[in-house]
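Just so it is clear, the structure is predicted and the values come from calculations on it, not from any experiment. So that the names make sense, note that chain A is the first sequence line, chain B the second, and so on, each numbered from 1. Hydrogens, waters and symmetry mates play no part in the numbers below; they use all other heavy atoms, side chains included.
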Amino acid sequence: MGVLVYLAAGWMLLVALYGLVTSRNLVHAVGCLSVAQASTYVLLLAVGYRDGATAPVFSDLAPGSRPLVDPVVQALALTDVVVGATVTALLLALTIQLRKRYSTLDPQALTGLRG
Amino acid sequence: MTQADLLPWAVAIPLLGAPVLAVAGRVLPRLGCDVLATAAAAGDVACLALLWSRIHGVSTARLGGWPARVGIVLAADRVGAGLALLVAVLVLAVLVYSWRYFDEPSGERAGLFPAMVLVFEAGMVGFALTGDLFNAFVFFELMGASAYALTGYRIEDPRPLQGALTFGVVNSFAAYLSLLGIGLLYARTGQLDLAAIGRGLAGRPPDLLVVTAFALVVTAMLVKAAVAPFHFWLPDAHAVAPTPVCMLMSGAMVELGVYGAARIYWTVFSGAGGVPHDAFRHTFTAFGVATALLGAVMCWQQRHLKRLLAFSTIAHVGLFVTALAALTPDGTAGAAVYVAAHGCVKAALFGLTGVLLDRYGSVDEHGLHGRARQLRLVGVLFTVGGLALAGLPPFGTGLGKALSEEAVSSSAGAWLTAVYVAVSAVTGGAVLRVALRVFWGVGPRPAEDHDDDQTTGEGEEPEIRGPLRGLPVMMTAVPGALLVLGAVPGCVPAVAHAITDGARALADPALYRRAVLGPPAEVRLPGAPVSSAWTVEGVALGCVSAAAAILLGAGSALRPLPAGRLLRLGVRALRRLHSGHLGDYLAWLAVGVAVLCAALAAQA
Amino acid sequence: MTARGRVLLFGAGAVVVAVFFGLSCGELPRFGATAHPYGDRAVAASLAHRTANVVSSVNFDVRAFDTLGEESILFATVLGATLLLRLARDEQVRPAPAEGVLPTTRLLGIVLLPLALVVGVYIVAHGQLSPGGGFQGGVVLATALHLGYVAADYRVLERVRPLAVLDVADSAAAAAFTVMGLAGLAAGGAFLKNVLPLGTFNQITSGGTVPLFNAAVGIEVASGVIVLLAHFLEQAVEMSGPPEGGGSAEEEH
Amino acid sequence: MNGPLIGVALALVVLSATVAVLTREPVRQAVVLAVLGLSLSVLFAVLQAPDVALSQLAVGTALTPLLILLTVRKVSRRSLDDSDSGDGSGDDDPDAGGRT
């Protein structure tokens with residue numbers, strides 16, 4: 001069961017890159033980017049997991065009574081979730097404006113920048 | 001104010017200035033916003049100049065009072081603080097340059113553009129000063145987010161939006177790759193501070209996880225530094241970004257990618273358990289030379305001025321990476337001087353291109369042929385900039401090139417000196433060709449070759465309404481000042497010595513580790529100083545490359561250079577690779593990571 | 001490059017990267033292993049500052065500089081969206097038509113809106129005690145406010161959501177985070193230092209500056225996300241773009 | 001007890017991620033991304049990370065799909081009120097035919 005979780009993160013990244021490379025619609029590409037980001041959450045939290053441990057919150061738990069999962073990776077994943085949400089919002093804003101100026105959203109047809 | 005205080009202040013000033021400006025922009029007139037923005041930028045320059053002058057080894061600041069094992073420690077040696085100072089100086093220059101140049105939105109959005117520039121500066125300064133790997137990822141994303149919005153600023157023109165979107169997706173994907181690498185390193189060492197990870201890796205011999213983690217983390221740095229084959233996004237983003245943003249991106253942001261790669265290798269992976277020196281040296285010399293040659297060839301082909309300067313930046317990034325790949329204090333010192341001077345010169349050239357865009361609404365070499373004759377001063381400055389790019393001796397770029405050539409030829413091979421001279425000559429020659437054609441109308445008007453797969457500079461909308469009024473004085477004064485600043489390292493030996501002396505600290509991971517992990521005390525730099533003076537062959541090589549640039553520029557301005565059929569086909573194929581298609585760039589990103597992993601693993 | 005060529009190129013690169021990543025996953029510590037040195041140090045630091053939720057302690061006390069960077073990214077995105085989604089010269093704004101709503105939806109909205117707002121405030125306030133915090137509570141508050149749009153129509157939402165005030169609140173909260181950090185520098189000698197009295201463990205006032213940072217982040221995220229959604233809604237609901245092909249310089253070919 | 005639960009949640013995440021990537025039409029992709037956000041929240045809860053699960057629920061399930069749907073509405077709506085030649089947003093769906 002162990003290494004499977006890490007491999008799942010790798011799979012999600014590469015399938016998201018496949019979606020990005022073969023995308024025919026920029027909104028779909030931005031969605032694939034957020035899937036690629038989801039792979040980082042899975043790897044970070046899998047690295048921090050501990051068998052038989054509980055969440056690192058002492059609101060209903062006496063400190064030291066039970067083994068705890070790694071709280072640092074959770075803080076990193078939290079920061080990563082925020083970064084993902086903001087970058088997705090910014091890229092979607094660019095996509096909206098791009099659609100107004102080009103009649104299509106297919107990377108194949110965007111021929112403004114070449115050479 | 002000890003150094004430990006100056007470090008957080010350097011990041012806090014722009015982070016405080018941006019929200020204040022965003023709010024003040026609603027009430028203050030345009031002049032008020034500009035004064036406020038300039039004050040914040042000047043304050044940051046003062047803070048970083050003070051910091052840079054006081055650093056003698058590595059100065060650290062423990063944020064929140066926590067040691068490096070638990071919290072985040074800001075650690076700056078002369079190179080990191082020097083790069084942050086370069087960023088601050090360029091931001092100040094850009095804000096002064098765009099005083100009356102920029103058609104900012106009025107009404108409640110008046111202060112937003114300078115506020116975004118200040119956030120961009122905070123991201124770059126934070127990235128240069130941080131000593132924590134995940135914190136570097138956060139500032140990498142902060143730099144990115146503000147750069148995407150600034151690049152796509154002109155929403156009425158379709159191309160900036162496409163350039164910004166490509167820039168955003170490629171850089172963000174590379175950042176997520178590096179986060180996977182950070183996850184691997186965290187699992188192995190249980191640390192996030194650069195020095196602590198380095199010490200954690202030293203316990204075991206290097207295995208595949210270390211090589212893969214290094215490749216993933218350094219990929220994001222190489223994408224930001226636009227090293228081939230990760231460089232495709234840069235010309236698209238530069239061709240379309242507003243001129244002040246181009247000045248910042250080419251002048252400082254790209255160089256931060258090179259600094260990030262060097263910092264991560266020296267501090268984390270250069271020890272016993274990391275990537276062996278030979279593997280790094282051969283791999284990154286190959287990447288550097290490939291980038292330099294590709295950048296030079298593509299730079300010579302361009303007719304769109306901003307793309308031409310963007311490919312020139314890529315070529316010079318290749319030279320910086322080759323110098324750093326020598327893994328000697330001399331190489332680091334040469335690269336540091338070269339980066340400092342190149343940043344100023346390239347920002348000046350972009351500023352002058354902005355003048356052409358403002359006057360004629362075009363940045364196309366063929367379209368502008370002979371039209372800018374009356375802009376005498378701008379023409380002279382543009383030519384001086386071209387000569388500086390070519391490495392003419394009194395300029396800092398000449399000194400940086402000389403020091404890098406000396407370091408690289410002693411460690412890797414004399415043929416690399418030929419690469420330095422050739423690349424400087426070709427890029428300098430391209431700029432001189434443009435100067436001669438646009439400002440002096442030399443030679444026949446180039447024939448309209450209608451191969452449609454080329455971005456022309458036509459039809460660019462001037463970035464300010466009503467270009468009938470006179471040229472704002474700042475739009476020539478700031479580039480002039482930046483060119484003078486680019487000459488300072490070459491002319492004033494004390495400045496050159498300060499840069500090179502500090503650069504030795506980057507190549508000394510033990511010193512960095514002692515400063516960050518040991519008790520908080522000022523750590524002095526031991527060892528013999530690095531040579532930073534002009535040498536005879538340095539001056540000679542500088543003159544050779546400058547002369548070659550003049551010959552190439554003047555020659556091709558008079559009549560197009562003869563090129564063999566094979567060369568022309570090869571160049572056409574190379575240019576078709578730069579297709580502007582997002583999928584292509586990401587496919588090349590995957591290939592680049594694969595090549596990096598394979599090359600490092602083969603030699604590890 | 002043709003589509004096929006692109007996929008082949010990607011395939012070659014992806015296979016090599018997959019092999020390297022797969023092998024290095026094999027060398028990672030076993031999934032669920034018990035050795036988490038940084039985690040143990042973080043728990044010790046959190047208990048030293050009497051913060052019950054260790055993740056909030058790491059976010060707002062031990063590694064607060066990361067959170068400062070993350071909030072600056074959110075602030076940059078709100079500024080960016082305001083810049084990018086501004087009214088282009090060839091566009092005009094049409095006020096949204098009033099839409100009828102089922103009485104049951106309206107009732108549900110009226111009941112749920114205050115409830116959701118209270119839950120959001122609760123999550124922000126108890127950030128350092130129970131799971132949640134400034135960011136999660138802020139997003140709950142932001143999405144809760146849009147119940148007004150669901151339960152009524154766009155005009156009601158515009159009345160409930162004063163954009164100018166929210167813009168200023170977003171900037172003020174971003175500046176407040178940095179100012180509190182500088183206060184820590186002035187008082188305690190280190191940027192973002194926890195200088196306030198730590199209070200008693202598991203109480204709402206425990207953790208020194210952690211609740212304050214939580215509140216600042218809560219306000220910034222709530223107002224930032226509302227402003228962000230406002231720009232997207234304005235684009236989707238109100239703005240009508242230039243006539244097809246008129247504004248765009250891209251000719252059809 | 002946690003092992004099989006993690007396995008199920010992980011399978012759900014991987015499946016919905018793959019489907020999200022292979023769904024070319026943005027509106028359907030937004031729905032699948034919401035399902036992915038939900039399954040990620042479940043996985044994080046099972047991995048004992050309540051904070052991240054709550055923020056993923058708020059962002060991945062509510063915010064990102066909402067933004068995508070608003071973008072799609074703006075994108076398809078633009079061609080609706082412009083190309084009043086009446087073929088609706090058909091022309092806007094370039095990959096209607098070539099489903100890869």
So which of [options] has the largest heavy-atom pair count under 4.5 angstrom toward chain A?
options	result
C/G32, C/G11, C/G39	C/G32
C/L85, C/I73, C/D66, C/L129	C/L85
C/G80, C/A81, C/A33	C/A33
C/V58, C/D40, C/L9, C/L47	C/L47
C/C25, C/A14, C/A76	C/C25

Nearest-0.5 Å distance, OG of residue C/S57 to CZ of residue C/R63 |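 Interatomic distance, C/S57 OG to C/R63 CZ, rounded to 0.5 Å: 12.0 Å.
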Say you draw a straight line from CZ of C/F65 to CD of C/E70; how long is it, rounded to the nearest 0.5 Å?
->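 Output value for this atom pair is 13.0 Å.
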Answer with side chain, backbone, both or neither: which region of [X] has an atom nearer than 4.5 Å to a non-hydrogen atom of chain A?
X	answer
C/Q128	neither
C/R41	neither
C/T34	both
C/L28	side chain
C/L228	side chain
C/F232	side chain

Less than 4.5 Å apart, side chain to side chain, heavy atoms only: is that true for [X] and [Y]?
X	Y	result
A/V3	C/F31	no
C/L68	C/F191	yes
C/V221	C/E71	yes

In this structure, which one of C/T82, C/L83, C/V78 forms a side-chain contact (heavy atoms from CB on, under 4.5 Å) with C/H231?
->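 Result for side-chain contact (heavy atoms from CB on, under 4.5 Å) with C/H231: C/T82.
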By ring-ring contact (aromatic ring centres under 6.0 Å, His included), which residues pair with C/H49, not counting sequence neighbours?
->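 Listed in chain order: B/W66.
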Could you tell me which residues in residues 70-79 of chain A have at least one non-hydrogen atom under 4.5 Å from a non-hydrogen atom of chain C, sorted by residue number?
->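 Heavy-atom contacts from residues 70-79 of chain A to chain C are A/D70, A/P71, A/V72, A/Q74, A/A75, A/L76, A/L78, A/T79.
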What residue, out of A/T86, A/L13, A/L14, has the most heavy-atom pairs lying under 4.5 Å from chain C?
->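 Of A/T86, A/L13, A/L14, A/T86 has the most heavy-atom pairs under 4.5 Å with chain C.
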Who wins among A/L61, A/D80, A/L7 for the most heavy-atom pairs under 4.5 Å with chain C?
->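 So the answer, after comparing A/L61, A/D80, A/L7, is A/L7.
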Neighbours of chain A found in residues 198-215 of chain C - heavy atoms under 4.5 Å |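 Under the 4.5 Å heavy-atom cut-off, C/F201, C/N202 qualify.
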Please tabulate, for the side chains in residues 42-57 of chain A, all donor-acceptor contacts under 3.5 angstrom to protein atoms that are two or more places apart in sequence or on a different chain.
from	atom 1	to	atom 2	distance (Å)
A/Y49	OH	D/N2	ND2	3.0
A/D51	OD2	C/R30	NH1	3.2

